[in-house]
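Inspection log for the structure reproduced underneath, given as structure tokens.
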Amino acid sequence: MITYLYWLAVIALMGAVLYGAGVKAQNWKVGIVIALLILLVGWATYFFRLQQVFVKRYGGVMTIRVPEGQHHMQATWKDDNLWIENYDPKTNTCVFSEYSKGNMLQGKVTITNCDPLSR
């Protein structure tokens, strides 16, 4: 829900700028440029800072896909970063993957001879 409210606020701000600069001031070029800058800053702020904070603390929305051929085992939070454990039966390994803010610094831990499904 908080994710949708965030994007609603960004879009409302863009609309206000377009209305103020385009309709009232009759300067559409400036209004469009400023609205696009608001969209770019809003997207970057969400992607690099707020997405996982919203999901963890306020019930935001986030989608992660399990890689083909792997089985999802568990997920956990370390600070504001999400760690996902998947099992790859072809290589008999458990893979812990980190989803950090903006996916800039992602950790990965591989445990060989894991075989959690046979127990």
State the [atom1]-[atom2] distance between [X] and [Y], to the nearest 0.5 angstrom.
{"X": "Gln70", "Y": "Ser97", "atom1": "CD", "atom2": "OG", "result": "7.0 Å"}
{"X": "Asn113", "Y": "Thr91", "atom1": "CG", "atom2": "OG1", "result": "10.0 Å"}
{"X": "Glu85", "Y": "Phe96", "atom1": "CD", "atom2": "CZ", "result": "3.5 Å"}
{"X": "Met14", "Y": "Leu36", "atom1": "CE", "atom2": "CG", "result": "6.0 Å"}
{"X": "Leu13", "Y": "Leu18", "atom1": "CG", "atom2": "CG", "result": "10.0 Å"}
{"X": "Asp88", "Y": "Thr110", "atom1": "CG", "atom2": "OG1", "result": "9.5 Å"}

*Got a donor-acceptor contact below 3.5 angstrom from the Lys56 side chain to the Asp79 backbone?*
yes
**Message:** Under a 3.5 Å distance rule, please check whether Gln51 uses its side chain to pair with a backbone N or O of Phe48 as donor and acceptor.
**Reply:** no
Val30 meets the side chain to side chain contact (heavy atoms under 4.5 Å, CB included) criterion, sequence neighbours left out, with Asn27, Ile34
Verify same cluster id: [X], [Y] (apolar side-chain graph, 4.5 Å):
{"X": "Leu39", "Y": "Leu50", "value": "yes"}
{"X": "Val109", "Y": "Ile84", "value": "no"}
{"X": "Val17", "Y": "Trp43", "value": "yes"}
{"X": "Val66", "Y": "Val95", "value": "no"}

Heavy-atom closest pair, residues [X] and [Y]:
{"X": "Leu82", "Y": "Ala75", "result": "CD1-CB, 4.2 Å"}
{"X": "Gly31", "Y": "Ala21", "result": "CA-CB, 3.5 Å"}
{"X": "Val53", "Y": "Arg49", "result": "CG2-O, 3.5 Å"}

Q | Step-by-step side chain to side chain contact (heavy atoms under 4.5 Å, CB included) determination, Tyr19 to Lys24 | A | CA-CA 6 Å; Tyr19 179 76; Lys24 291 292 186 180; 3.2 Å; yes
- Query: Would Gln52 and Met62 satisfy side chain to side chain contact (heavy atoms under 4.5 Å, CB included), going step by step from the backbone distance to the final call?
  - Reply: CA-CA 8 Å; Gln52 290 196 32; Met62 184 175 179; 3.9 Å; yes
Original post:
What class does the angle between the rings of Tyr58 and Phe54 fall in, given that below 30° is parallel, 30 to 60° is tilted and above 60° is perpendicular?
Top reply: perpendicular
Side chains of Ile64 and Tyr99, heavy atoms from C-beta outward: is any pair under 4.5 Å? yes
- Item | Heavy-atom side-chain contact between Pro67 and Asn86 under 4.5 Å | yes
query: Do the two ring centres, one from Tyr46 and one from Trp7, sit under 6.0 Å apart?
result: yes
Open item on the list: Working note: Thr112 + Asn92, criterion side chain to side chain contact (heavy atoms under 4.5 Å, CB included); need CA distance, chi angles, decisive distance, verdict.
Closed with: CA-CA 6 Å; Thr112 57; Asn92 195 27; over 6 Å; no
- Task: List the steps, then state whether side chain to side chain contact (heavy atoms under 4.5 Å, CB included) holds for Tyr6 with Val10.
- Result: CA-CA 6 Å; Tyr6 174 80; Val10 170; 3.9 Å; yes
